[in-house]
Amino acid sequence: MTHFKTLMPHIMKKKWAYILGILCLVMVDVFQLLIPEVLRSITNRLQQNLLTFEEVFLYAVYIVLIGIGIAFFRFLWRLLIIGVSRELEYHLRNKLFSHLLTLSTSYYQRHKTGDLMAHLTNDIHAVRMALGPGIVAMTDAIFLNIAAITMMLFTTDFRLTLLALIPMPFLILTMTKFGKRIHTRFKAIQEAFSSITDKTQENLAGARVIKAYVQEEAEMESFFQKSQMLFSRNMDLAKLSGFFHPFVQFLSSLSFIIAIWYGGALVIDGSITLGDFVAFTTYLGLLVSSISAVGWVINIMQRGSASMERINLILTEKPEIIDSLDAKDIMDVDGNITFQGVSFTYPNSQYPALKDFSIVIPSGSSLGVIGRTGSGKTTIPHLLLRLYDPTEGKIYIDDYCIKEVSLKSLREKIGFVDQDSFLFSSTIAENIGFGVDDYSIEEIHEVAKTAGLHEDIMDFPKEYETLVGEKGITLSGGQRQRVSIARALLKKPEILILDDCLSAVDTNTEEKILNALKGKTQNITTIIIAHRVSTLKHCDRIIVLDNGRILEEGNHEALLKNKKLYYDFYQRQLLEEKIQLE
Ligand SMILES: Nc1ncnc2c1ncn2[C@@H]1O[C@H](COP(=O)(O)OP(=O)(O)OP(=O)(O)O)[C@@H](O)[C@H]1O
């Protein structure tokens, strides 16, 4: 139960709803405990042949009133306790989601999406079940058990009560023993569920690749294996529960056997009345059902606790990249960028992605970055945005060391178009406006025009209101890239970084976009990362990266004269263009 500590502040805020709910629950139990007393009276009056029609009517009224009382208080406790559990679920879901968004990029590298989705669905559900229905069943079990035993002891016969209670310690022992095993098996189910959610998520996201590589059967096979694993773990739990519940019922029925055998004898020898016997067995019924519910309570609490433990693991995870204690906001900046002896190795990687990398990019200038794949190009914006912190060295924007400024203000200054061109499943206008609070449709049109996208959009049936499917699936690769460029421009950033985001457009369109961008980005420091020389040739300065180091630098003409790697890239591009023309 210690795992629920995380929710204590929220639980304390709702303590009155819980207390009132529990009082209502106790009222329901009190009404339930009145029923055996009514039955005792009726049976005694019947046995003595004293029951009149008026009395029968009166007893019927009592039963109806008890029913109304039960219904009324049951409605109230449901509203209060289940209501609170829903609120706690709501807070936990929001807390977990907000926390997940604060975690650093490296966290997502270590954890799978499906796993996190499972936390957000199954685990939160299990916690809610523990804090709502679990609390209800626990209160019921405690109150009804104590009250039923007290009533049995004091209103019938204490020897009969003690005898009927003999199986109860065995019942409790069985339930505690099984509880632990249920906990372990439930945890195993949750893990298998995470794994299958992850597989599903990955396969649906990669549906096109799977089809293109005719991997449907292989993927199905691997999915079936995971599904089989989930099934067999569920079966393990079902087997345990399947044995557990009947066994609990068997132990409880022993109490009835004792009650009928010894209680019957007491009625025959006149020590107790028939009414006492009927009331006693009704109390025993209440007792047994609430003790059996203890099994369910243990089960549900164990599940909730296992889930809360998993959720706590995420909640206690500290983001690696955070604001320093005295972080200040970057105010107006010119956009000078300085990398000073920066080295960086990705977590889980053995090789540095950047080695002793130093460069000064003056404000308003453009820097082209080219290099073989894996040479460290994308790592430059990753470090500048503080998605990761360098292992060595420092990065400055103007005179601000980026580690000493607030992440929010740093990232607000930078417009980054990454290779993935990730789009959300909303309209084109909303995708362009993502991250900007206040924009007009005219501004959206303007940035779309600069990104060479406006005409394409106007051909869509709903123009800017066209819904792009999940991840922009209804747009072409080039259109997705241009939506991402427009999104970055709308931010009006001081620094603009385009990471290989023109690779899916032809060289003519690329030329047009670059020209339009040039007009709009004169005062913006621009970093353009590309594989094609054509994308970079107009940059003020170009660097060629190799193995995380600068191999060459200069402008297009100077680099061509060098006749090194840049020249090779250029020749290759010319050759590719020639082949395409033929
Ligand atoms: N998240 C990561 N975790 C571990 N290693 C990484 C990660 N991202 C990149 N790397 C490694 O760091 C090195 C530099 O990667 P980077 O993405 O900067 O290269 P790049 O030049 O942009 O490549 P490309 O042209 O293919 O985009 C590569 O060896 C790559 O394998």
Checking [X] side chain against [Y] main chain: does a donor-acceptor pair fall under 3.5 Å?
X: Arg411; Y: Arg386; answer: yes
X: Thr281; Y: Val278; answer: yes
X: His10; Y: His91; answer: no
X: Asp418; Y: Asp420; answer: yes

Take Tyr283 and Leu33 through the test side chain to side chain contact (heavy atoms under 4.5 Å, CB included) and record every step on the way to the result.
CA-CA 7 Å; Tyr283 281 128; Leu33 288 164; 3.8 Å; yes

Find the distance between [atom1] ([X]) and [atom2] ([Y]) and round it off to the nearest 0.5 Å.
X: Asp329; Y: Leu410; atom1: CG; atom2: CG; answer: 10.5 Å
X: Asp198; Y: Met117; atom1: CG; atom2: CE; answer: 10.0 Å
X: Ser307; Y: Ile124; atom1: OG; atom2: CD1; answer: 9.5 Å

Distance only, no hydrogens: is a donor on one side chain within 3.5 Å (strictly under) of an acceptor on the other, for Thr273 and Asn44?
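Looking only at side-chain atoms, Asn44 and Thr273 do form a donor-acceptor pair, the distance falling under 3.5 Å.
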
Does the side chain of Ser409 pick up a donor-acceptor pair with the side chain of Ser406 at under 3.5 Å?
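Yes - a donor-acceptor pair under 3.5 Å links their side chains.
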
Answer whether the closest heavy-atom distance between the side chains of Ser222 and Lys199 falls below 4.5 Å.
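With C-beta onward as the side chain, the pair touches.
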
Presence of salt bridge, Asp236 and Arg185, under 4.0 angstrom:
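Not counted as a salt bridge, because no side-chain N and carboxylate O are separated by less than 4.0 Å.
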
Please walk me through it: do Asn431 and Ser426 pass side chain to side chain contact (heavy atoms under 4.5 Å, CB included)?
CA-CA 7 Å; Asn431 263 293; Ser426 54; 3.5 Å; yes

